[in-house]
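Here is the structure we will look at.
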Amino acid sequence: MGILEEISLLLQNGKAKQVKELVSQALDEGVSAEEILQKGLLAGMDIIGEKFSKNEVYVPEVLVAARAMNWGAEVLKPHLADSGFKSKGRACVGTVKGDLHDIGKNLVKMMLEGKGFEVIDLGVDVPAEAFISAAAEHNCQIIACSALLTTTMGAMKEVVDAAKRSGIRDKVKILVGGAPINKEFCESIGADIYTSDAASAANEAVEALTSLVS
Amino acid sequence: MTKKERFTAALLRKIPDRIPTFELEFQLEDEIFGRSFDYSLISRENLSSCGAREYDKILHELAEHNADLFLNKLDYDCIPLCGPQNPDLEKDLTEYIKILRKLVGEDVCMWFHGDGTYSIPDGNEMYEFAYSLADDFEGVLEKAAQKADAAIERNKRYADAGVDIFGLCSDYCYNSGPFVSPEMFSEIIFPYLSKIIEEIRKMGCYAIKHTDGNIMPIIDMLVDSNPHALHSLDPMAGVDIKLVKERYGGKVALCGNVNCALLQTGTDDEVRESIDYCLTYGKPNGGYIFCTSNVAFKGMPPERYNMMLEIWKQNRDY
């Protein structure tokens, strides 16, 4: 087994300390930071995301794998900066106004990072205007809104409307998700993407980048 | 049948005179009846400021208020013991339960929280929980045992005060499935849930296991933990009462499945369809308690909840 494959496997098993050590070892052996990131860390998170979609792994395993990815990524950061590495895209994520639930939002954040996105985490109880100003400030291509409650899902429409008012609607794809959300609701409020789980959300976000570019 | 006979018959999977109903919580009192009890009056601070005699009067008023609300106005077959869930208020709640029991007598059930198993952690607690599972599994098990033991002791005190139905309300599932793998569930939750239920049964009380979400990957364990009933049967997560009744109706009673999302945002026809489905497949051969797939929550249009009760009244008799 090559060192990148080993990093991927250790990450999938949540072995943060060993991932960190092996990332350092790979750098010492002359493997480029970008290759370690893509073929080691992100490849591992990709597999975790797929397994999560199929209910083969569960939230704790995803969180522990994400911790391992972050530990490895910390080692890579200065090397990536030196090499001029650019992220795949930028996304701002948040739980909509009135809603304090953050597990779904955090999972989407991790999955997006696992796909190579730079993610701006706006937290919970986020007003529509905060999504828009963050997207404009950071030049985000994706706005991801989460809601757990039927009483707060309506706030997602406010985000879509605010994006229209601010003139950035055609520059961003708006992704919505959470327990009470479905495809019909997504379409009814004029959002772009609905997925039922965090891993699919990240996959759709990658797809969406292509359509924004084209 | 008395309300208690009706409710417990359903819990014991027998056929009562009619389908009983209740909710774990009823948050629509202001909207439907134009007034509600100010629960903030039940607090240690208020006790200090108003004195013991006045505080006792408040507890009596709460008991009278809720007896009227749940038995007369809503015609529930079991009283949910609404009130603050603050552990510091256990003494106050125990006193309130005693007053209420004296007021309503023995012919009606009273429901209160009795769980002590892990539930889906909130916010940053989820990270700590996940890291603990990876880094300190023995510690997770030790804490599970402590939580269960504490719940068992607490339940004894509430049973002495007059509670006869314990709702085990730790949520385990998202719409997609459980928050931990079924294997993990079997280690960190199932044994402790079973123990809590066993102790509830030993006291001659009843256990209703509630959880939101898609329970199907762990439903065998939920049933094997031996509650009298499973509550919520969340249709938003794809739980089908017809399927659950066919597979598990011989082992456990069922509560709920009326689609809360439709009650909130669906059409009248969709709501009617959801209610008809629950009654069609829940009612036969008893063992069914009619209620929403969560609670009658604030924000639900009150006319929808009234519509739900009206349809129940028309179809509840066996």
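Protein chains get the first letters and strands the later ones, always in sequence-line order, with residue 1 at the start of each.
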Can you tell me how far CZ of B/Arg304 sits from OG1 of B/Thr292, rounded to the nearest 0.5 angstrom?
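Between atom OG1 of B/Thr292 and atom CZ of B/Arg304 there are 14.0 Å.
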What distance do A/Lys54 atom NZ and B/Ser176 atom OG have between them, rounded to the nearest 0.5 Å?
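Going from the NZ atom of A/Lys54 to the OG atom of B/Ser176 covers 15.5 Å.
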Answer with yes or no after comparing the ring centroid distance for B/Phe22 and B/Tyr76 against a 6.0 Å cut-off, counting only values under it.
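Between B/Phe22 and B/Tyr76, the centre distance exceeds or equals 6.0 Å.
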Determine the option with the most heavy-atom pairs under 4.5 angstrom with chain A, choosing from [options].
| options | value |
| --- | --- |
| B/Asp212, B/Asp135, B/Thr265 | B/Asp135 |
| B/Ser181, B/Pro217, B/Gly213 | B/Ser181 |
| B/Gly299, B/Gly177, B/Ala261, B/Pro178 | B/Pro178 |

Out of [options], return the one with the most heavy atom pairs under 4.5 angstrom to chain B.
| options | result |
| --- | --- |
| A/Asn106, A/Asn182, A/Asp197, A/Asn55 | A/Asn106 |
| A/Asn13, A/Val64, A/Leu148 | A/Val64 |
| A/Val124, A/Val57, A/Ile103, A/Asp102 | A/Ile103 |

For B/Tyr174, is it the side chain, the backbone, both or neither that has a heavy atom under 4.5 Å from a heavy atom of chain A?
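Side chain only.
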Chain A contact via B/Pro121 - which portion, at a heavy-atom distance below 4.5 Å
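Backbone only.
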Any A/Leu76 side-chain heavy atom under 4.5 Å of A/Leu41 side chain
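The answer is yes; the side chains approach within 4.5 Å.
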Could you check if a side-chain atom of A/Val172 sits within less than 4.5 angstrom of a side-chain atom of A/Gln141, using non-hydrogen atoms only?
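The answer is no, as the side chains (C-beta and beyond) never meet within the 4.5 Å cut-off.
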Which heavy-atom pair separates B/Ser119 from B/Ser170 by the least distance, and what is that distance?
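Nearest heavy atoms, B/Ser119 then B/Ser170: CB-CB, 3.5 Å.
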